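These notes are about the structure you will find just below.
As the structure is a computational prediction, the values presented were derived from the model and not from experiment.
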Amino acid sequence: MGVAGAGVTIGSGLACGISALEGRATWLAQVSSSRRKTAMRLLVLGASGGVGTILLEQGVARGHHITAQTRNPAKLVETAGISVIAGSPTDEAFLKQHVAGQDAVILAIGIDSTGKTTLFSESTRAVIAAMQAARVKRLVAITGIGAGETKGHGGWLYNRVIFPLFTRNRYADKDQQEALIERSGLDWTIVRPAPFTAQAGRGPWHVVTNIPEWLQLRSITRAEVARFILDCIEGGSYVRQKPFIGHS
């Protein structure tokens with residue numbers, strides 16, 4: 001609309017429109033240059049999952065090089081900027097081989113089962129040990145709504161149906177995961193997304209570290225979570241904090 005407006009305006013209006021476009025082009029070039037200068041090496045654990053695959057796409061678009069861990073290499077394809085590694089996120093020796101030289105680690109593993117699990121706590125123990133051995137400090141982990149004080153803040157459907165019937169067992173282990181991360185001595189961020197949806201919510205976007213009693217965050221897209229994680233890493237924000245994010 002800005003370009004059309006400039007096109008139908010004569011004299012100084014047209015000049016201003018052209019100047020604005022030139023200014024935006026310069027700004028975009030500066031952003032692109034800045035991203036190239038700050039390109040990082042990132043290890044994504046759970047890279048073939050819902051958030052993980054989007055992290056690969058967005059991370060490479062921002063100029064980062066990503067090492068993508070998966071248990072099934074057939075799910076991922078190596079491209080420029082993405083190196084695929086196959087192995088278990090609970091295998092400390094495997095992780096030590098690939099953590100060394102990274103600028104940050106993103107823990108984005110997930111499960112489909114509803115039964116009891118120790119995957120999150122076991123993988124977190126292995127990740128912390130590997131990062132400490134390699135002296136890599138920056139860790140971002142995704143837990144979610146149902147961990148810690150987020151419980152009861154996901155809207156009626158999630159609180160009354162989804163959590164008690166489907167996700168409560170995984171969050172019992174994610175509570176253990178969060179405790180391990182908080183004691184690790186790393187520069188960690190624990191991201192707690194609202195329930196995932198395919199489309200962005202219409203309600204206001206919230207990022208809170210102290211959850212008001214009345215707050216209910218009902219939705220967030222995986223793309224929004226991936227973008228938030230990359231912003232945290234690039235900006236060094238929310239270090240040793242647990243942002244609860246989503247739409248009300």
With a 4.5 Å heavy-atom cut-off, do [X] and [Y] have their side chains touching?
| X | Y | result |
| --- | --- | --- |
| Phe120 | Gln176 | no |
| His206 | Leu215 | yes |
| Leu139 | Ile190 | no |
| Val191 | Thr143 | no |
| Val225 | Thr221 | no |
| Leu217 | His247 | no |
| Phe228 | Pro243 | yes |

Do [X] and [Y] share a hydrophobic cluster (ILVMFWY, side-chain heavy atoms under 4.5 Å, transitive)?
| X | Y | result |
| --- | --- | --- |
| Val99 | Leu42 | no |
| Leu107 | Leu95 | yes |
| Ile142 | Tyr171 | no |
| Val127 | Val140 | no |
| Val105 | Val60 | no |

What residues form a side-chain hydrogen bond (donor to acceptor under 3.5 Å, both in side chains) with [X], not counting sequence neighbours?
| X | value |
| --- | --- |
| Tyr238 | none |
| Ser121 | Asp173 |
| Asp231 | Arg62 |

Please give me the minimum heavy-atom distance between [X] and [Y], naming the atom from each residue.
| X | Y | value |
| --- | --- | --- |
| Pro89 | Gln69 | CD-NE2, 3.6 Å |
| Ala68 | Ala47 | CB-CB, 3.5 Å |
| Glu224 | Ala200 | OE2-CB, 3.8 Å |
| Val239 | Gly236 | CG2-O, 3.5 Å |
| Ile66 | Gly59 | CD1-CA, 3.8 Å |
| Gln132 | Leu186 | CG-CD2, 4.3 Å |

Mark yes when over 12 heavy atoms from residues, nucleotides or ligands other than Lys151 sit less than 6.0 Å from its NZ; otherwise mark no.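 Atom NZ in Lys151 is not crowded, with 12 or fewer foreign heavy atoms closer than 6.0 Å.
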Output all residues satisfying side-chain contact (heavy atoms from CB on, under 4.5 Å) with [X], sequence neighbours left out; order by chain, then residue number.
| X | answer |
| --- | --- |
| Ala86 | Pro73 |
| Thr53 | Leu76 |
| Asn72 | Thr70, Ala74, Lys75 |
| Trp214 | Pro212 |

Whether the [X] and [Y] side chains hold a donor-acceptor pair (N or O, under 3.5 Å, no angle test) is what I'd like checked.
| X | Y | answer |
| --- | --- | --- |
| Tyr158 | Thr167 | yes |
| Thr67 | Gln102 | yes |
| Glu213 | His153 | no |

From [X] atom [atom1] to [Y] atom [atom2], the distance as rounded to the nearest 0.5 Å:
| X | Y | atom1 | atom2 | answer |
| --- | --- | --- | --- | --- |
| Leu56 | Glu78 | CG | CD | 11.0 Å |
| Ile128 | Ser123 | CD1 | OG | 9.5 Å |
| Ser83 | His65 | OG | NE2 | 3.5 Å |
| Ile145 | Lys174 | CD1 | NZ | 11.5 Å |
| His64 | Ile82 | NE2 | CD1 | 12.5 Å |
| Asn169 | Phe163 | CG | CZ | 9.0 Å |

Kindly say whether [Y] contributes a backbone atom to a donor-acceptor pair with the side chain of [X] at under 3.5 angstrom?
| X | Y | result |
| --- | --- | --- |
| Arg168 | Pro164 | yes |
| Gln216 | Gly152 | yes |
| Asp103 | Met40 | no |
| Lys137 | Met131 | no |
| Gln58 | Ala223 | yes |

Test Val84 against Val77 for side-chain contact (heavy atoms from CB on, under 4.5 Å), laying out the working first. CA-CA 7 Å; Val84 177; Val77 177; over 6 Å; no
List the residues meeting salt bridge (charged side-chain N to carboxylate O under 4.0 Å, His left out) with Lys242, not counting sequence neighbours, and say none if there are none.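 If we apply the salt bridge (charged side-chain N to carboxylate O under 4.0 Å, His left out) test to Lys242, skipping adjacent residues, the hits are Glu182.
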Contacts of type salt bridge (charged side-chain N to carboxylate O under 4.0 Å, His left out), residue Glu57, not counting sequence neighbours: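 Counting only residues at least two positions away or on another chain, Glu57 forms no salt bridge (charged side-chain N to carboxylate O under 4.0 Å, His left out).
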Filter on salt bridge (Lys or Arg N to Asp or Glu O under 4.0 Å), then keep only pairs touching residues 83-97, sequence neighbours left out; what's left?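 Salt bridge (Lys or Arg N to Asp or Glu O under 4.0 Å) check on residues 83-97 returns Glu92-Lys96.
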Pairs satisfying salt bridge (Lys or Arg N to Asp or Glu O under 4.0 Å), at least one member in residues 187-198, at least two apart: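 Salt bridge (Lys or Arg N to Asp or Glu O under 4.0 Å) check on residues 187-198 returns Glu149-Arg192, Glu178-Arg192, Asp187-Arg240.
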For the pair Phe244 and Val207, evaluate side-chain contact (heavy atoms from CB on, under 4.5 Å) and give the outcome as yes or no after the intermediate values. CA-CA 6 Å; Phe244 177 33; Val207 179; over 6 Å; no
Residues Leu43, Ile85; criterion side-chain contact (heavy atoms from CB on, under 4.5 Å); working and verdict: CA-CA 10 Å; Leu43 172 60; Ile85 56 171; 4.1 Å; yes
Show me the donor-acceptor pairs, under 3.5 Å and distance only, between side chains in residues 109-118 and residues at least two apart or in other chains.
residue : atom : partner : partner atom : Å
Thr117  : OG1  : Leu119  : N            : 3.0
Thr118  : OG1  : Glu122  : OE2          : 2.7

Criterion side-chain contact (heavy atoms from CB on, under 4.5 Å) on Leu45 and Ile106, from CA distance to verdict: CA-CA 6 Å; Leu45 303 176; Ile106 302 171; over 6 Å; no
